[in-house]
Structure formats: C-alpha cells, structure tokens
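Below is one structure, written out as structure tokens; the observations come after it.
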Amino acid sequence: MQKTSTKTLYDYWNSIRGSRSAPERKDIDPTQIREALANTFILELDEGDKFSFRLAGSHLCTSYCRELKGRSFSGLWHERDGDAMETLIRAVTEDHAVALVTFQGTTALHTKVSFETILMPLRHNGSTHTRLLGAMTALDEPYWLGVQPIMEQRITGLRLIWPDDIAVQDKVREVATNVGPDTGYANHTAPMAMPAMVFGRTARRYAHLAVIDGGRQ
C-alpha cells in the first residue's frame with residue numbers, strides 16, 4: 001500500500017471487524033478515518049447486479065470532475081478489464097479478500113495519472129454481497145487533476161490480500177483466467193505467468209496485469 005489514505009482505511013477496517021470476516025456498515029465511524037475520508041467510498045449492488053457509488057469522498061469526485069454518488073463503479077473500467085474487475089469483486093464479496101488495484105486514468109486530452117484503489121468487504125443486514133468499502137487515491141497529483149476529468153481507466157496491477165491467511169492460489173488462477181491479451185477476452189485460457197518485480201515485490205505478470213500474493217499486513 002503506497003498511499004496513507006489506503007493504509008489508514010485498511011487498518012481501521014481490520015481493527016473494527018475483530019474476528020469477523022467483515023465489519024457491519026453501522027460500525028464505521030467517519031470521525032475515525034478523517035485522513036482518508038476524502039478518498040473513501042462505499043459501493044452498493046444496483047438493480048443490474050453491478051456496483052454503483054453510494055457515497056464518494058470529495059477528492060475522489062474532484063478527480064473525475066463530477067459527483068459520483070449514484071454513478072456506476074463497474075462502468076468506470078475499460079471493457080477489456082471488466083471480467084478481471086468482476087472476479088476481484090467476487091473475491092471480496094464472497095471470499096472476503098481485500099483487493100488492492102493500481103490503474104492508469106486517461107483524460108480526453110490523453111494526459112495520464114496513476115491511482116491506487118482498495119476494496120474491502122462490508123456487511124449490510126448480515127450479508128457481504130451488497131456493500132463494499134474502498135478508497136481511491138492518485139499516486140501523484142498532476143496540476144491538471146480536477147480540471148481534466150478521467151475518461152478511461154486500465155488496470156496496471158492487482159494484489160489480493162487475505163487478512164486471515166487464507167490460501168490464495170485458486171483465486172489467483174481465476175483472476176489470471178480473466179486477464180486475456182490486450183486484443184480482448186475471447187480466449188479464456190489462462191495465460192502463462194511471467195515473473196516480474198512490482199514495487200520491489202516478486203509478482204507474476206499476466207498480459208498487462210501483475211498479481212502479487214499478499215499475506216497478513
């Protein structure tokens with residue numbers, strides 16, 4: 001985790017969940033995450049079985065130059081990353097993993113900025129399938145951020161964190177299956193993993209994504 005807001009939210013989430021796989025929505029006290037609040041969001045499952053923003057912090061809305069409440073989170077991602085993102089969301093909602101994603105946002109003027117995003121399971125009425133807690137923060141803030149809206153975003157790296165040290169190999173294979181060549185996702189045979197280094201950690205690269213196995217933080 002590179003950004004303070006990401007780590008602050010993760011540490012808070014981990015502390016309030018206790019021995020549970022995820023905390024309840026009502027457990028969250030915004031005053032306890034002041035440092036991260038402007039970059040924090042909550043997603044909810046909409047009628048189309050996709051996730052939309054229920055709440056979004058001010059810095060996040062500024063980055064997109066628009067209010068994000070009610071807008072589709074799933075629809076932000078490039079169509080070639082759709083399957084990988086849906087797989088990550090299932091890992092969070094069903095298996096209670098934490099997903100750490102880096103992506104590159106591009107504006108209409110083809111300027112680019114990189115972001116770090118974290119997704120964590122959140123209970124609502126006892127279920128972890130309809131709510132997600134997360135944060136999204138620019139790794140660097142160019143002068144134009146907040147003036148030129150992000151129009152397209154592509155995943156550049158992903159990591160699954162298992163707070164309770166659950167084996168990760170099966171889920172990594174599932175994510176890899178959904179990461180096809182840059183020409184599309186027609187062929188769902190898992191590509192060969194190539195060794196790589198990402199932020200000083202050993203990783204396996206599948207097409208344009210890097211998978212890092214994470215353990216307890």
Side-chain angles (χ1 to χ4, degrees), residues 1-46 49-57 60 73-74 84-103 115-137 155 157-178 198-204 209-217:
M1 299 180 192
Q2 301 179 70
K3 303 302 293 184
T4 300
S5 55
T6 307
K7 191 175 188 305
T8 296
L9 191 62
Y10 174 80
D11 288 345
Y12 178 69
W13 172 88
N14 209 23
S15 67
I16 63 173
R17 73 184 180 92
S19 60
R20 301 169 295 176
S21 60
E24 289 280 350
R25 166 65 181 90
K26 64 182 180 182
D27 295 337
I28 297 176
D29 179 359
T31 65
Q32 299 300 310
I33 50 173
R34 291 188 182 93
E35 295 179 7
L37 200 58
N39 299 96
T40 297
F41 59 83
I42 291 178
L43 304 179
E44 64 178 347
L45 193 67
D46 59 31
D49 291 330
K50 301 290 184 180
F51 278 90
S52 299
F53 289 95
R54 183 175 179 85
L55 296 171
L60 183 54
F73 174 81
S74 303
M85 182 53 63
E86 287 186 9
T87 299
L88 286 177
I89 287 176
R90 286 200 304 274
V92 176
T93 58
E94 297 177 10
D95 300 322
H96 307 140
V98 172
L100 188 64
V101 180
T102 54
F103 70 88
F115 287 83
E116 177 176 77
T117 299
I118 191 168
L119 297 171
M120 294 167 285
L122 190 63
R123 295 185 185 279
H124 178 65
N125 296 329
S127 171
T128 61
H129 289 77
T130 64
R131 294 288 190 277
L132 288 171
L133 175 67
M136 186 182 295
T137 311
I155 297 173
L158 58 86
R159 177 182 177 189
L160 290 175
I161 301 169
W162 303 87
D164 296 317
D165 296 329
I166 301 172
V168 72
Q169 290 302 319
D170 289 342
K171 186 55 63 177
V172 168
R173 280 195 291 271
E174 184 181 351
V175 172
T177 299
N178 285 321
V198 178
F199 303 126
R201 296 177 63 89
T202 302
R204 294 183 304 283
L209 303 188
V211 179
I212 305 174
D213 297 342
R216 185 181 299 277
Q217 294 297 296

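On a predicted model such as this, the values are computed, not experimentally measured, just so you know.
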Contacts of type side-chain contact (heavy atoms from CB on, under 4.5 Å), residue [X], not counting sequence neighbours:
X: S127; value: H129
X: L55; value: R25, I42
X: E24; value: R20, K26, D27, R123
X: S5; value: K3, A36, N39, T137

For residues [X] and [Y], report the shortest heavy-atom separation together with the two atoms involved.
X: P23; Y: P121; answer: CD-O, 3.8 Å
X: M120; Y: V92; answer: C-CG1, 3.5 Å
X: P163; Y: R17; answer: CB-NH2, 3.1 Å

F73: ring-ring contact (aromatic ring centres under 6.0 Å, His included) partners, not counting sequence neighbours: F41, F53, W77
query: Can you name the ring-ring contact (aromatic ring centres under 6.0 Å, His included) partners of Y12, sequence neighbours left out?
result: none
Contacts of type side-chain hydrogen bond (donor to acceptor under 3.5 Å, both in side chains), residue [X], not counting sequence neighbours:
X: T31; result: D29
X: S52; result: D46
X: E35; result: none
X: T6; result: E116

Candidate pair W13 and I118, rule side-chain contact (heavy atoms from CB on, under 4.5 Å), full reasoning: CA-CA 11 Å; W13 172 88; I118 191 168; over 6 Å; no
- request: Name all residues meeting the salt bridge (charged side-chain N to carboxylate O under 4.0 Å, His left out) criterion together with E44; count only those two or more places apart in sequence or in a different chain, and write none if there are none.
  value: R54, R131
Drop me the distance from [X]'s [atom1] to [Y]'s [atom2], to the nearest 0.5 angstrom.
X: I16; Y: L133; atom1: CD1; atom2: CG; value: 7.5 Å
X: M85; Y: S74; atom1: CE; atom2: OG; value: 8.5 Å
X: L88; Y: L100; atom1: CG; atom2: CG; value: 10.5 Å

message: Is the shortest side-chain heavy-atom distance between Y10 and I161 below 4.5 Å?
response: yes
field: Expected output: side-chain T128 to main-chain T93 donor-acceptor under 3.5 Å
entry: yes
statement: Exactly one candidate in I89, L122, L45 meets side-chain contact (heavy atoms from CB on, under 4.5 Å) with L132; the answer is I89
